[in-house]
Amino acid sequence: MPRNLPEYGKIAIPKEREVPLGAVTPAPVRVQKLHITSPWRIYRPVIDHEKCTRCLNCYIFCPDACWEYNEENDEMELNLEFCKGCLICIQECPAEALTPVHELEFEGGVVRLDNPF
Amino acid sequence: MATEKMLTGCAAAAQGAKFAEVEVICSYPIRPYTAIMMELAKMVANGELDAEFVHGEGEHAQLSVVLGASAAGARAYTGSSGVGVAYAFEVYSPMSGGRYPVQMAIADRALDPPGDFGSEHTDAMSTRDQGWLMGWACSPQEVFDNTLMAYRIGEDPRVLLPQMVCQDGYFVSHIPDKVVLPDVSQVKEFLPPYNPPHPLDPRKPYSHGPQIRPDQGAPMDAQRASAFLEVPKVIKEVTEEFNRIFGRNYDPFLEKYKLDDAEIAFFIQGAHANTCRKVVDKLRSSGVKAGMCRLRWVRPWPTHEIAEALAGIKAVGTIETSTSYGGAMRGGNLIHELRATLYDLPDNERPLVTSFMAGLGGETIWPKDFMYMAEVLSNMVKENRTKKYVYWIGLEPEE
Amino acid sequence: MKDFDYKYQTFDRIKSYRNAPREEYYVPGHRTCAGCGPALCYRLVAKAAGKDTIFVGPTGCMYVANSSYLCTPYAVPWTHAQITNGGAVASGVEAAYKVLMRKGKYDGSFPNIIVMAGDGGSVDIGLQAMSALMYRGHKVLFICYDNESYANTGIQTSPTTSYGANTTFTPPGKLIPEGKTLFPKDPPQLVIGGHPLVKYVATANVGYPTDLMNKVRKALSYESPTFMHILCPCPKGWKFDEKLTAEMGKLAVQTGLWTQYEWENGEYKFSHIPKKYKPVDEYLKHQGRFGHLKKEHIAKLQAFADAKKEWAKKAAVSPIEVVAQVPAG
């Protein structure tokens, strides 16, 4: 600038505060690891495989897609990382194969977030 | 082969969109811009243009439809006027923040109340801080050219911003003038196909626009602001290339008319520049050193270019074809930014600045009006002082 | 231009839970409440629709609670829309695919385009955009996931909120003892009643997952716009025990407060009609939002349910003449 006018300056966004262009982010694959929801859980559904009839009610009614049928060992599996403990699966289980157990009953049960958001 | 045609501003915009091979168009009728859509509807109906022509249910929908189309990877085009521009307001920021480079043609019209078909820049000027590129044309030829240039600039990966290509209602939109239409090969050389980084494509899934935390807000805003730091560079490059390919002679940001040795100058945007130029000639022939500076882009505002162009001029008057009720100078919008722009000039080079409310509600600005303004500016030079911030042309109390 | 031969997807009928696709496209890891009805709905819709899908998500619970902090649970392309304009944004996406495929710029089959709008985004502030989409005939499935309130802003009344509900905008008080005094809008009837290009409208309910998924698939197999109204009980807004989400859906059907039907080319087909309806109180008693209701208010809701049952009976045997249909051929 011949007249020494002020510059517009530059903006430097620090690495840890960078945001994707236009807030367009890659879609998650299988799970969204950035939102682990297990710390919400107060009661954990515990399955009795003997009583379970593999009707898949728990699987189909879970809002968080936490139940999966493992074909190899013919058992239902719970994704403990994301189960929020709503207990819909227990309500919908026709075989009484599921029971709610308080998280405090488990070693390393209730996990609280270090940084709640 | 290039051809020459008599076209209105609206017809020129439609031709521009056709040469740009827009893929999704969304219409809603409002005068005066609506003639653009009428032209495009014919082109689509006749098979001259392979595009989806969507009848929006309002301007808000128009912007929303083209946002979706752009997100999915199509070059999208829409437009509006007056209160229609206002009705779409919610979508302006999502469009620029999402970095969707759609184009919106605007034939400027006054806002209500009461209903007024007349030309006025208040519609588009009200949206000026939403992150859009905003350019003003003063002739059908410039409308056509800006349509192509704006797409090229907005779709540049360094920019990715939506564009408003504005023209004055009626004065440009409805008065035919000579327009040189290029050969398709020229446009092909100038404007590559739209190629967004992450379109909504099931083969490569992306999420567009999830919520953010407060600490991510500033970086998001800064991202758009940074794009605007890049834009002037891109505008310069693109204008030069446009001039080369199409044989034009545009200055990227400003039309500087007889400014070099001027003592007084008009600062203007849009169609009234055409009258203004003639008055400058007349003033010159009677010994008044007058000049004109016309804004081609309002966003980004060409701060340095304006300061350099107006440095040393004694008095400048902005022609305000939009309103800013209760604003710093109680008149229009341009004076605020112009005064801020000139603030850092050395004392001996900083012009006195006043403003003229003129061409509101569709009124013509007559040569006699410009002559009156010149007199005000000359008196400011004589007295070496700005007596008033704003003069309402035709409505000033008698002295 | 009109003769272009678009490649569309086809779908098989889901016969059982085991038969449903195992892949999830609405994946675990979102901040919806425990037991969220709309989240369950989203998951089932995504499962039924599959990989080749684009979601348009107007603002609402399913935006705010799902897509937080620059990450989302949508494994397929998804875009936010304003709460006002889900229908319009989806129209744009669809129009883009039409022209891009025609021009040879996209060679896959036509993606499913699904709007997931809440009740507000469908039939209140979003009504204009939804109706225009239906009118213009875009190949889009518009889903109204109905949790009967503006839930993410703190449970305010919406046009689909039940009569008698206690919401933060309809608190019961001395002068207005029943809380909400108005009866709800009927979203599917709004669509059926005046959009000549719409051939398929259905209601569904998270209490009946297979039915829901099959209706989604049927809707997606149409080349014209389709609409689904899906009841999504909301533990927080309705104030019931979160494990009862699916149960609430079933009870709504068993009491006649919700009717499961398909409307296809002018004909109604009802399902899940109970042999004997339960009194509405069986449904209301689980929900804190109705806790303040007196006998006379409950009687009104019972009358409302009875009228619905009557309507269903009539509609099932003698299809109601649909006016202004597009002439065949």
Side-chain angles (χ1 to χ4, degrees), chain A residues 1-41 59-69 77 79-86 88 110-117, chain B residues 70-71 94-101 131 157-158 160-161 196-202 204-232 300-301 303-308 311-312 340-346 349-350:
Chain A
M1 272 308 123
R3 285 188 172 78
N4 207 22
L5 296 166
E7 288 298 324
Y8 299 118
K10 286 207 165 66
I11 304 171
I13 301 171
K15 197 107 196 97
E16 70 276 12
R17 294 191 68 186
E18 267 175 12
V19 285
L21 182 75
V24 174
T25 61
V29 183
R30 295 177 56 86
V31 293
Q32 178 49 274
K33 278 275 184 195
L34 293 166
H35 272 305
I36 307 290
T37 45
S38 56
W40 300 17
R41 196 168 58 235
Y59 152 78
I60 207 79
F61 281 107
C62 179
D64 296 274
C66 288
W67 281 106
E68 226 182 324
Y69 174 58
E77 280 175 2
N79 185 340
L80 280 167
E81 246 186 332
F82 293 98
C83 169
K84 294 170 182 165
C86 70
I88 289 180
V110 184
V111 188
R112 293 288 167 210
L113 290 175
D114 293 334
N115 272 319
F117 310 124
Chain B
S70 187
M95 192 80 84
S96 63
R99 311 304 285 273
Y100 304 119
R158 293 165 289 177
L160 288 174
L161 286 171
H198 303 302
L200 294 169
D201 180 344
K204 271 182 257 149
Y206 276 84
S207 294
H208 286 226
Q211 293 224 310
I212 52 172
R213 293 188 306 258
D215 66 302
Q216 290 165 330
M220 280 308 306
D221 291 352
Q223 205 180 63
R224 251 184 288 184
S226 296
F228 270 91
L229 295 178
E230 293 296 313
V231 179
W301 182 269
T303 311
H304 291 155
E305 289 78 3
I306 295 169
E308 292 291 336
T341 300
L342 302 178
Y343 183 86
D344 290 295
L345 283 174
E349 289 195 306
R350 189 187 314 112

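Every chain is numbered from 1, with letters handed out A, B, ... down the list of sequences. Hydrogens, waters and symmetry mates are skipped; everything else that's a heavy atom, side chains included, is used.
The backbone N or O of Pro20(A) sits less than 3.5 Å from a side-chain atom of Gln223(B), completing a donor-acceptor pair. Put simply, the side chain of His198(B) never gets that close to the backbone of Ser207(B): no donor and acceptor are under 3.5 Å apart. A donor-acceptor pair under 3.5 Å is absent between the side-chain atoms of His35(A) and the main chain of Phe82(A), judged by distance alone.
Contacts of Ser96(B) with chain A are absent, with no heavy-atom separation under 4.5 Å from either backbone or side chain. Both the backbone and the side chain of Leu345(B) come within contact range of chain A, judged by heavy atoms closer than 4.5 Å. Proximity to chain B is absent for every atom of Pro14(A), based on heavy atoms less than 4.5 angstrom apart. Of the two parts of Glu349(B), only the side chain, counted from C-beta on, holds a non-hydrogen atom closer than 4.5 Å to a non-hydrogen atom of chain A.
In this view, Arg158(B) and Asp156(B), Glu237(B) satisfy the salt bridge (Lys or Arg N to Asp or Glu O under 4.0 Å) rule, not counting sequence neighbours.
With chain B as the partner, the residue from Gly9(A), Pro26(A), Ala23(A) showing the most heavy-atom pairs under 4.5 Å is Ala23(A).
Counting heavy atoms from C-beta on, the side chains of Glu308(B) and Arg3(A) come closer than 4.5 Å.
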